[in-house]
Amino acid sequence: MAPWFLTLVGRARDDLTSRKLTMNDIFADLKWRGLIFQTTADDHLPKWLNEKPRSVYAGFDPTADSLHVGSLLPLMLLRRFQKAGHRPIALVGGATGMIGDPSGKSAERNLLSVEQLEKNVAGIKAQVSKLVDFDDSPAGAKLVNNFDWMNTFTYLEFLRDVGKHFPVNVMMAKDSVRSRLEREDAGISYTEFSYMLLQAYDFVHLSKEYDCELQIGGSDQWGNITAGTELGRRMFQKQLYGMTCPLLTKADGTKMGKTESGAIWLSADRTSPYAFYQYWVNVADDDVSKCLRFLTELEHEEIESLDKSRADEPHQRASQKRLAEHLTQLIHGDEGLATAQRATDIFFGGTIEDMNDAQLGQIFADVPSSELSRERLAGEGLGVLDAFVEAGLAKSKGEARRVVTQGGAYVNNIRAESVDQSLTEKDLASETVLVLRSGKKKYALLRFQG
C-alpha cells in the first residue's frame, strides 16, 4: 500500500477519534464556531447543558431519498452533542413530509405519496446512521418517524387534545406564515398552515417519550421551534428549550451546496464522492473558514492555523484541500476519499487504471464524448490519428499528427509515442471508454458500443 494512502487513513482515523467534548465545553465550542444563532434561554442554556446529559433532537424533511449539504449543519450538531455525552434524536418527518414546511417557501409544495415518503425515509435513516452512534449507551442515538405517532390520531382527537392549546394568533405572528399571507400572488393553504402545529407536537411527544428538552435546527426553523416550546408549556407546564444555527450560506448570501447541475447530496448515487470532494476543493476563500468551523471536527488550533496559511499562501489552497479531505472521509469513508483523490489525480494527468465506466463518467462528466462502434477496435484497431479526429481533439489527421509528434497526445494519460500507433480493446480504460488528452487539460472520451 502506498505511503500517501497510509498517511491519509491515519489522518482520517485521528479526525474521527479526536478529543471528546465534555458537557462543560460543548456550548463554548459551538459559540467559538459561530454555530449559535438564537436560543430560547441565552443565559440559562449553558448551565443547563452542563448539569447532566440531555436529549436533543433535530428534524429532517424527507422530500428526497437523500440529505443534502444544507442538512449537514443540524446533523453535525447532533454528532457534536453526542460526543459531549448528550443523546441525539433524529426525527424523520414521515407525517409532516406529507404536508410540507412553509418556512422559507414562497409557494405551496407538491405533496408526496406514501410510497415515495417511505423510500425517502429509508434513505435518510441510512445516512444519519453514518454520523451518529445507535448503541445502547446513555448517549446512544434514537431515530424516530413522526408518522408513527401522528397516524394514531383522528382529526377530531388532534383538534381536541392538541389544537385547543395552540392560539391562532401565535401562528399568525410567525414570520413563515405572515410573509405568505402578505403575498397577493401566493397565500397559504390550511394544510401548510397546520404544519407548525404538527411540528410543535413532535417536540411535546418526544419530551413525553424520551425526556427530550432541546430542539435544534436552522435559523429558518425558529418559529416552529418556539411553537414547540410554547405548546409544551401550555399542555404540560414543562420547560423546553430551542436553539438555532445559522443557515449554510456563501458570503454573497446565496445558499451553499448548489451548483449549476443541482444540489450537492450526501448520497454517492446522487453526488459521487469525486464531485463531492471537488465541490469543497473549489469553495471560495471567503467561505472556507466558515465551512471549517461549521462542518468539520477539526481542532480550533488547526482551523486557526489554516486561516493563517490562507492569508500567507492563498495559492496553496490548504484550507480547501483539508476541508474536502475531512468531509469526504466523514460522509463517504476511507474508500470514498481514496477514490475521490485518485479521480482528482487522473483528471490532472495521473495514471488511469482499475476504473469502470461509471467512475470515468463521474470524473469526466463535463468532458465531450463521442460514440463509435466497437468493431473499430477489432483487427488492426483504430489509428491514434483517427481517434483524435473522431474525438474532436483535432480537426484533421494532419493536425493530429503534429500533436503526436510534438509529444502532446495522450491515451489514458499515457503519451502516444508514434503516429502509427493503433488502439484495440486492450487499450480501453474501462469496459467501453478510451480517455484521450491533447496538451495538459484538453480531454475527450471515446465510447465503444455494440
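- Between L143 and F134 the shortest side-chain heavy-atom distance falls below 4.5 Å.
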Self-check item: Test salt bridge (charged side-chain N to carboxylate O under 4.0 Å, His left out) applied to E230 and R234, step by step
Solution: CA-CA 6 Å; E230 178 68 11; R234 289 177 177 273; 2.8 Å; yes
Exercise. Take L330 and M76 through the test side chain to side chain contact (heavy atoms under 4.5 Å, CB included) and record every step on the way to the result.
Key: CA-CA 10 Å; L330 192 65; M76 288 300 294; 3.6 Å; yes
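- Residues F60 and A90 share a closest heavy-atom pair of CE1-CB, 4.0 Å.
- You'll find the side chain of M243 reaches within 4.5 Å of the side chain of L214, heavy atoms only.
- F153 and Y201 have perpendicular rings, their planes meeting at more than 60° on a 0 to 90° scale where under 30° would count as parallel.
- Contact check for L78 versus V128: no side-chain heavy atoms found under the 4.5 Å cut-off.
- The closest side-chain heavy-atom distance from Y410 to L436 is not below 4.5 Å.
- A salt bridge between E371 and R447 is absent, with no side-chain N of the basic residue lying under 4.0 Å from a carboxylate O of the acidic one.
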Quiz item: Is there a side chain to side chain contact (heavy atoms under 4.5 Å, CB included) between L434 and V411 once you walk through the steps?
Solution: CA-CA 7 Å; L434 267 177; V411 178; 3.9 Å; yes
Quiz item: Going through the distances and angles, do M150 and L198 end up as a side chain to side chain contact (heavy atoms under 4.5 Å, CB included)?
Solution: CA-CA 8 Å; M150 289 308 306; L198 296 181; 3.4 Å; yes
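- Sparse packing is recorded around CG of D136, with 12 or fewer heavy atoms of other residues, nucleotides or ligands lying under 6.0 Å away.
- The shortest distance between side-chain heavy atoms of L295 and H326 does not fall below 4.5 Å.
- Under the 4.0 Å criterion applied to side-chain N and carboxylate O atoms, K83 and E297 are assigned as salt-bridge partners.
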Quiz item: Under the side-chain hydrogen bond (donor to acceptor under 3.5 Å, both in side chains) criterion, do R233 and T229 qualify, and how do the steps go?
Solution: CA-CA 6 Å; R233 184 186 67 79; T229 62; over 6 Å; no
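- Between S207 and K238 the shortest heavy-atom distance is OG-NZ, 2.9 Å.
- Side-chain contact annotation: Q320 with D285, donor-acceptor N/O pair under 3.5 Å present.
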Quiz item: Could you go step by step and tell me if L72 and L67 meet the side chain to side chain contact (heavy atoms under 4.5 Å, CB included) rule?
Solution: CA-CA 8 Å; L72 262 181; L67 299 175; over 6 Å; no
Exercise. Please assess E302 against S305 for the test side-chain hydrogen bond (donor to acceptor under 3.5 Å, both in side chains), listing each intermediate value before the final yes or no.
Key: CA-CA 5 Å; E302 182 175 359; S305 176; over 6 Å; no
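- R310 and D307 are joined by a salt bridge, as a carboxylate oxygen and a charged side-chain nitrogen come within less than 4.0 angstrom of each other.
- Between the CG atom of L91 and the SG atom of C212 there is a distance of 9.5 Å, given to the nearest 0.5 Å.
- A pairwise comparison of heavy atoms in W265 and T271 identifies N-OG1, 2.9 Å as the closest pair.
- A distance of 9.5 Å separates OG in S289 from CZ in F294, rounded to the nearest 0.5 Å.
- N120 places a side-chain N or O within 3.5 Å of a backbone atom of D65 that can act as its donor or acceptor partner.
- Between E304 and K308 there is no salt bridge, since no side-chain N of the basic residue sits under 4.0 Å from a carboxylate O of the acidic one.
- The main-chain N or O of I352 is never found under 3.5 Å from a side-chain atom of N412 such that the two would form a donor-acceptor pair.
- A pairwise comparison of heavy atoms in Q199 and Y57 identifies O-OH, 3.9 Å as the closest pair.
- Relative orientation of the F276 and H332 rings is perpendicular, given thresholds of 30° and 60° on the angle between their planes.
- Checked by atom type, the side-chain pair D357/T432 shows a donor-acceptor distance below 3.5 Å.
- For T339 (side chain) and E335 (main-chain N/O), a donor-acceptor pair under 3.5 Å exists by modelled atom type.
- When side chains are defined from C-beta on, D202 counts as touching W149, because their heavy atoms get closer than 4.5 Å.
- How far CG of L360 is from OH of Y274: 11.0 Å, rounded to the nearest 0.5 Å.
- Under the 3.5 Å distance criterion, the side-chain polar atoms of T254 are left unmatched by any main-chain donor or acceptor of K250.
- Q38 contributes no side-chain N or O that, together with a main-chain N or O of T244, makes up a donor-acceptor pair within less than 3.5 Å.
- A donor and an acceptor atom, one from each side chain of Q127 and S66, are located under 3.5 Å apart.
- A donor-acceptor pair under 3.5 Å links the side-chain atoms of Y279 to the main chain of G257, judged by distance alone.
- Interatomic distance, D252 CG to D286 CG, rounded to the nearest 0.5 Å: 9.5 Å.
- Judged purely by atom type and a 3.5 angstrom limit, D133 has no side-chain atom pairing as donor or acceptor with the backbone of D135.
- A donor-acceptor pair under 3.5 Å links the side-chain atoms of N413 to the main chain of I346, judged by distance alone.
- Atoms CG and CG, on D287 and L248 in that order, are 8.5 Å from each other to the nearest 0.5 Å.
- Here the closest non-hydrogen pair linking G85 and A139 is O-CB, 3.9 Å.
- A pairwise comparison of heavy atoms in L45 and F27 identifies CD2-CE1, 4.1 Å as the closest pair.
- A 4.5 Å side-chain heavy-atom check between L73 and L77 finds every atom pair outside the cut-off.
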Quiz item: Taking it one step at a time, do Q329 and D334 satisfy side-chain hydrogen bond (donor to acceptor under 3.5 Å, both in side chains)?
Solution: CA-CA 5 Å; Q329 196 281 333; D334 292 341; 2.9 Å; yes
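- Rounded to the nearest 0.5 angstrom, W280 CH2 and S319 OG are separated by 13.5 Å.
- Within 6.0 Å of CG on D43 lie no more than 12 heavy atoms contributed by other residues, nucleotides or ligands.
- Counting only heavy atoms from C-beta outward, the side chains of N224 and Y195 approach each other to under 4.5 Å.
- Between the N282 side chain and the Q278 main chain, a donor and an acceptor come within less than 3.5 Å of each other.
- Under the 6.0 Å cut-off for aromatic ring centres, Y210 and H205 do not qualify, their centroids lying 6.0 Å or more apart.
- A donor atom on one side chain and an acceptor atom on the other are not found under 3.5 Å apart for Q341 and T344.
- Salt bridge E425/R374: present, at least one basic N to carboxylate O contact under 4.0 Å.
- Panel note: side chain Q82, backbone V132; no donor-acceptor pair is recorded below 3.5 Å.
- Counting heavy-atom neighbours within 6.0 Å of K142 NZ, excluding the residue itself, gives a total of 12 or less.
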